[in-house]
Each structure stands twice: as C-alpha cells, then as structure tokens.
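Chain naming here is simple, since letters A, B, ... match the order of the sequence lines and numbering starts at 1 in each.
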Amino acid sequence: MAASSPLPTLTTKDLTTDQDVRWCPGCGDYSILAQMKKALGTLGVPREKIAFVSGIGCSSRFPYYMNTYGFHTIHGRAPTFATGLRLANPDLQVWVVTGDGDGLSIGGNHLVHALRRNVDIKVLLFNNEIYGLTKGQYSPASRIGTPSKTSPGGSFETPVRPLSLALAAEATFVARTIDVDPQHLVAILQKAAAHKGSAFVEIYQNCKIFNDGVFEYATEKSVKSDNVLYLEHGKPMVFGKDRNRGIRLNGLKPEVVTIGKDCQLDDLLTHDEVAEEPTLAYLLSRFAHDDSPTAVNPFPEPVGVFRTVRKPTYEEQLNSRVAEAITKKGKGKIEDLFKAEDVWTVE
Amino acid sequence: MISNNGTSGSAAPTAAPLGANGHAHRFEEVESVTIRFAGDSGDGMQLAGTQFTNTSALAGNDVATFPDFPAEIRAPAGTLAGVSGFQVHFAATDIHTPGDDLDALVAMNPAALKTNLRDLKPGGILILNTDGFESSDLKKAAYKTNPLDDGSLKGYKIIRVPVTKLTREAVKECGLTPREQDRCKNFFALGLVYWMYERSLETTLRWVREKFKKPEQLPTMEANTKSLKAGYNYGETVEVMPVQYKVGKAKIAPGTYRKITGNEAIVLGLVAATQLANKPLIYASYPITPASSVLEGLAELRRYGVKTFQAEDEIAAVGVAIGASYGGAVGVTGTSGPGVCLKSEGIGLAVMTELPLIIVDVQRGGPSTGLPTKTEQADLLQAMFGRNGECPVAILAAQTPSDCFDIAFEAVRIATRFMCPVFLLSDGYIANGSEPWKIPVIADLPRLEVKNATQPNSDGWTGTGHESGAEGEGGGAGKFLPYRRDELLARPWAIPGTPGLEHRIGGIEKQDVTGNVNYEPANHEHMVKTRAQKIENIALTIPDLAIHGDADANLLVIGWGGTYGSITTAVERTRRRGLKVAQAHLRHLNPMPKNTGDVLKKFKKILVPELNSGQLSWLLRAKYLAPAEGLNKIQGRPFLVSEIEAAIEKALA
Ligand code: SF4
C-alpha cells in the first residue's frame, strides 16, 4: 500500500458475514468474535489480506463469521494449513483459531512445530477446558477433578499448561487474556497482530453449557483482582484488591508476599516481556489458581504478554534462502535444469 | 549376450587389436548385456553401477537400471541382510527393462555371491573378489564350504581377482588410511568391468575430479583415479578373459539425452509444469523411503523459485500442501503408502473444498511398514477408495522412469484445471531405476493455462443462497460465488489477497454455488454426485486408450504403472515368436480413458499383470464386467519378462 493512502478502517459491519452465528447463548466465543472485529478494525489491514484458519470444535466455526478469507479445516491441523498459506502468500495476515481439544490434544504436534519454526501466524487458543462440540468430555486442559461424561468422579489426568507448552516450543510471542475482559482482549489481539512471527494467545473462554464458571475466580468482580496478576512490561508484579501483594523471587522459587509487611515494592519481581531467555515467562506460566481451603498465599494467574521477542520468521528465512540462491547462481531456467546431468546427443 | 549360450544377440568376433602386453584380444559384438554389481552395503556398489550406466549411456547404448538395496542403512558388514546390488542392462537395441537374468555378476563377498548367484545365467561371467572369502566372511554368509574351491561354481566363467590386495597396492602412495584404501575397491572392480566391455574411463574420471575437487580431497581423488585405472590395466595385462565384449550404439531417435530416474523425472516435471503455468511450486513432505529423493531433489532448486517444506509428520505435509494451494500455489506432497494412510483425512478435505493438490505416492511393499526398499503396486485401491465418505480423486500412474516427467505435467494440469486432488502413483522400481531421457524442447512442452478468479461472478445467477436450507449469504450482483462451476464442473480458484472475493470454505457439506454450510438431504446427494461427475469429466480431456501389437488378437495384456517395461518386452518377444497379442497400458486410472470399456470388449481374453493380488483386475471387472485374469506377483520385486511371456503363452495355449 502506498505510504500516502490512508489506512483502511473496518467497521464491525464490514467484518460481519450473514451466516447465522450458532454458538450457544452466553458462550464466551461471542465476546471474542466481537473484540476481534474491533481489534482488526484499527490495524489498517484491508479485509482481503486477512485469513482465518481453524480446525474443528466450537471455536473453529469462527472463520464463517468473519468477512475475510476463511478456511475451516480438519481436526487439529489448522497450523499446517496456515503454514502452507503463509508460504504461498506472505502478504496475508493469518490467524489460527483453535481450542484446547483441537490445539492441545489432536493437534498438539502441529502447534509445537509451528511455534518452533516461528511461522508468522497468530494462534488463538480458546481454552474452555472441556470438549464442547462433542457435548461435554474432559479435555487435556481440564483441571484435575473436572466432572464430565468421560471422567465420572472427576478427571485425574495432569492437565497441559498451554503457555508452558508454547514457551517450551520456543514461541516468540506468548500471552493470555480473558473472554469477558474486552479492553484487555482487544489490546492483546492487537499486540499479537503486530508481532512478526508466531504469536500464541490463550484466551480463557467460558463454556456456558459444559464447564460454566470454571474461570469465575478470574472474572467475578469481587474476587478477580486477588486472583489475577496483570502483567506490565517493566513494572513490578503487584496484584490484589488493595494492590498490596506481589511476587518475589526467593532463590529459584517465586512466592507471594505482602508489600510493606514482607518486603518493599523494590524487592518485587519486575516483568520483562522482551527477555531473550524465556525463563521468567515460564516461571509465570506455572502460576495456577488454587482454591483449596488449605492453600497458603496462593498464586494469582498472570494475564497479559508473557514474552515477545523478535526472531527471523520461517518465511523470512526461506525467502532469503531463495533470494540468496538466485543471487549466487542466477534465476534458474528449466533448460539448464534439464541438462544438470551429463548429456549426450544422438544425431 | 554371450556367444556360448546364445541367449541374446548375435556374436561376431571382430578383428583383434593388440593389448598392452602384445597379446591379441578377441572382440565379440553382442546385442545386450545385463550385469550386476553386488557387495556389502558399504562397498559402494550403487556408485559403481551408476558410473557404469552413465558411461554406457554416453557411449550410445540404451540402458535400464535396477538398484536393489537393503532396508537397513548399515546391516552388519558381510551379512546376507547387508547386500546391496545395482543391475545395469545396456544394449545396442531398444530395451524396456533392466533385464531378467545376468550375463555377468560382480560379487565382492560371499554374502553377495549367495544372494545373487541364482540370477546369473548358466555359463555367465562371475567376477569374485577372492580377498573377501576368508573363513569369517564365509561364516557370515552361512557357507559351510568355500565356494571358490568346492566345485559349486563349475557352471560359470569365474574370474578370480584379489581386489582388496590389488587396490591397496595401487593406492598405497596416496596417503590414505587402510580403511580409506579399501573404499576404493569398487573403482578397481569397475575399472576391470570397463575393460571387459571396452569402455572409456573418461566419464568416471571426470566425475572423480569433480566430486573430490577440494584441495584436502586430493588424496581421495588420486586414489580413486588410480584404483579405476589399475582395475582396467589389470584386465588388459593379466588377460583375465580371452575376449572383450562390445555393445554397439543403439538406434535411438535423434536428440539430446540424459539419464534419469523416476524420482528425478518427477522433480523436473513438477518444476517445469509449474514454471510454464506461471504458478509457484510448494512441495511439503515428510522423509520416507522411497520418496525422500523427490524432497531432496526439490530442496536443491531454490533458484528456480521452488519452496520445499519438511513437515513434522505426514499429516502436516498434506496440510501445508493444501494450505499452499489455497494460497494460490501448486501444493504437492510426496510419500509412500504408510504416509498416504495418514494423509487420507487431508485429501478428503481437498476433495470437499475442491482445491488443487498433488499426492506423489512412490509405492513400496506393504501393508504397514512392509518392505520399505522393495517395490509393489498395492496402493491403487487405497488411492481409489482410502478415505471416508464418497471421495473421488484423479489417479495417474507413471509407466517408466522418464514417463514420471510427463505424468507430473499431467498431474499439475488436472489438479489446476479441475480443482481436485490428483494421485501420482510411482513405485520403488521406477523411482530408483533409470533410463535415457530425451530432453524435451521447451517450446514443445504443454503450457498450462491456469486461471484465477479476479472478479465477482454472481452475474446471471438467480438463486438466493437460502434455498434448500442453506445457512447464509444469498445472490445478488457483485458477489463472489466460490462454487459456481464451469462447463466441466470445476469451481473458480480465488486466491486470498484478491479484493472483493473474500469467502469461506471448509470441510462441512456446502450448498452448491454459494458454498454456504448446508446439511439438507437433497443438497448433499447433489454435491456427492457433482464431485464425482467432475472427476468423471476429466476423461473428456484425456487421450483414448491405445492398443499396441495385434489389434485382432484374442488376448489383450493390460497393465498400469511400472510393469510397462516388462509387459512390453514380453509382448514383443511373444509376437516375434508368432503369437498374436495386443497390449494396452493405463496411465489414467481414475477416470480411465473413455474408450476403456470398448477396448476390453474387443478381446476374448484379458491378462492383467500386476505386482499385487489383482487390484486393477478388480476395478476392470467391477467397472466393465470384463473377464480380467490376473498375473500377480507380490515378492517386492518387478516382473521378469519371462514370467509374463509364460503367462501369455499359457493364455494362448
Ligand atoms: S458448547 Fe460451550 S463452547 Fe460450545 S458453543 Fe456452547 S457454550 Fe460455547
């Protein structure tokens, strides 16, 4: 786009298709859809340059509702289609919409490898900790004790921590946000869009029907500030209704402390989202809500950007290899290719 | 070849030039020779065979090769499991196969002798590395007595050569370690064989200079040069044989040629077809035998604009290829049977969304891991039916190594013209086998015109998009209808990034024309039939099935894929003996050419040789009620010509 032409702004209407939205009333997906339209509206990317790719599950219906290019693919494999699309068409902004079953269970392998390669795709993992579309079975993200049709008496498998997994896979952008926190959600989506390389965003999403209220501790007004840590780059990690609690590092162990009582503000951990090593981000990704009555000083769950670092993307590297090969030996002509081996002529 | 058993060609002793030591040699002119280099997988037999092939091709022979290697990369040295072989058939006539039985066998150790001797003709030449026959070597090959002196090799012309010792002697001044010295053995043996067939060393010497051109490789270059020459001179000086054999130039159509394997031809075909169609090629694959060399070959071609992607698994590979096609490139994935299993769901999505996709399946022995390095034709019905729901795709099969080039073109044509997945079936035999390939003139190659949608296409469409229970958008002017079809039922290919054509596609059943999600019963039936009819329509764009040989024969021999060479040779030979035989070979397996049923009806008897239990037979019977009789071989090895000859004779008896 020429520098002088104004950036297009897109209204919600521009981005809406006339397909009936078929999520259950009260589903967290509605809010995510609405905030996505808001976020895209301000980015200055024209509609035709945006593509949504999804797998299978409630969340994966998303592309049908966005008036952009869209591809509803097969279970778990969305990152592969998105990768191919980026290889063919590096001008597109490609979003992958997936869920905890699609992205962490059947498609776990592809997620890991897309992130590791740093393909320039934005992966949104709608985590509702349950299988919705197949009507209520526990998922690999279900917390221990989750009752479901296939886990009578409560699930007992250790759940995946999506952000820990993404960080272990060398993701260059890792963030978490919540469906019912519109401002935060929009801001995170915009940051993900602006990131060059793989972006991984976990969105807490309430499944009204099969896992209602599982994130209540993080969304309910009366308790959320005690249970959620809003990460801000360069700022000390402070949380709590009275903004008097924080995170301190004790050796290699983080701990929750009270400011003024256990320590001073300066003693708290400062968030550094651009740290080269993902150690701090990983540490934060381990904080999990604990509402057991015996919990002493339980950790808040961080939301915000855990990590954002710039590394060459897969496409940048591949394209530069192609360019390099052409500079070195010239653009290949098929005639030469045919004769790359010994040839002989029969008269 | 050889005159004293007279199985092939006429032997005509010619004038005798003087050898280096002043002895007179006799030359015999023969029509064709089949030779196999066999040794341990670490002995460099593939290289020796390849070099011999290149030299013979450059000398003007027709050539056909058959490499045969073990599944284990390095089975314990000297064992039967570790034997690697390379067979070369070179001739002064037009040939189609690497040859049934051997005129000459080079065996570097007892294991190679044991596993290959059964293919040597009675009276054939047997070159043995006597240094490889120590008692420990014999034990590894489970020989109780030494075949060198127990009389068991009486029926052959044995040439005993202490290859290891002579090689060490020849290269001793090059400064190599003993281990490195021994790695030159293959070139000593090759030099000797060059002498036997009066071949020039120049092609191989040039290769050596090119391969080891770095300064630090100088000793290796010298050693290989010396061992090759030493082998040649040994033949001449010691006069290991009273005769040398000469295979004249074949009568080959004028043109410029190179040697090509099936996998190399796929690489060239895909690149050429996409370049001429002005479409980027994206090849996504997961390494698997025997398809990996396609990925490796394409990875080298970045300056031709080719992008390759080594995926994390087979499923990802097909996903990336489909995503690439969605993005406007020609997406290709390559694999073998086990990989096809994993790709099935992805292929189904490409059928459902109607996107171009090429799946190269280089078949190997199955089921499961099966025989990874051996050939088989047992994925035909998998390609045909191996997906959920009714999910038709186009299926093509290459018949020779060089035909892989043309078939790759055809695959690109069909995939982009009809917006559908295309299976390109090859097999281990033609993938690794090689033959001379007449390099095409670029101007003569088909230019595929690939159209992409640029404009809304709703003009003249009167539907609403809401009939039959569709969920979504309607018609009206200025809309893009992603499933509005052309006369052959192909849908438009709109590339993301094109303004005004934003649309959504997916694996859920859709309404025709609009592409809106649709679960209505009648629509589903309509769509299943439409997708099938679209594939059937491909037949309107392909040539008729040709009958070769005697069109008025009682017997038709019909095959597909890599059996072409053996079938053709068998038909030629039986006809030369006065039998009436017709031959047809299918390159399009789905849909088959329009006249296939009519062709089959012309013949009383139909013989279908296949390297499986009868998959084409099954299709021909089911589709055309034809009395197809199978000749089936499932041994991981190609047909011998003689096997098909025998079946033809039996059918006509
Ligand atoms: S099942 Fe749950 S996740 Fe799915 S649409 Fe309904 S509320 Fe949303």
For [X] and [Y], does a side-chain donor sit closer than 3.5 Å to a side-chain acceptor?
X: B:Asn516; Y: B:Arg504; result: no
X: A:Asn109; Y: B:Asp313; result: yes
X: B:His503; Y: A:Tyr69; result: no
X: A:Asn319; Y: B:Lys307; result: yes

Short side-chain to backbone donor-acceptor contact, A:Asp102 and A:Ile56, under 3.5 Å:
yes

Test item: B:Asn518 side-chain N/O and B:Lys510 main-chain N/O as donor-acceptor pair under 3.5 Å:
no

Chain B-proximal positions within residues 87-94 of chain A [heavy-atom distance under 4.5 Å]
A:Leu87, A:Ala88, A:Asn89, A:Leu92

Applying side chain to side chain contact (heavy atoms under 4.5 Å, CB included) to A:Phe71 and B:Thr353, what does each step give before you reach the verdict?
CA-CA 9 Å; A:Phe71 197 174; B:Thr353 50; 3.7 Å; yes

Given heavy-atom pairs under 4.5 angstrom as the criterion, report whether the side chain, backbone, both or neither of [X] touches chain A.
X: B:Ala57; value: both
X: B:Leu349; value: side chain
X: B:Gln275; value: side chain

Option that, when pairs with chain A are counted at under 4.5 Å, heavy atom only, ranks first among B:Pro440, B:Gly331, B:Ala494, B:Gly348
B:Pro440

So what's closer than 4.5 Å to chain B heavy atoms on [X]: side chain, backbone, both or neither?
X: A:Lys328; value: neither
X: A:Arg77; value: side chain
X: A:Glu347; value: backbone
X: A:Tyr314; value: side chain
X: A:Arg116; value: neither

Heavy-atom pairs under 4.5 Å with chain B: which of A:Ala82, A:Ala51, A:Gly330 has the most?
A:Gly330

Sorted by chain and number, sequence neighbours left out, side chain to side chain donor-acceptor pair (under 3.5 Å) with A:Thr16 holds for A:Lys37

Over 60° means perpendicular and under 30° means parallel, so tell me whether A:Phe173 and A:His195 are parallel, tilted or perpendicular.
tilted

B:Tyr286 atom OH, neighbour heavy-atom count above 12 within 6.0 Å
no

More than 12 heavy atoms of other residues, nucleotides or ligands under 6.0 Å from CD of A:Glu335: yes or no?
yes

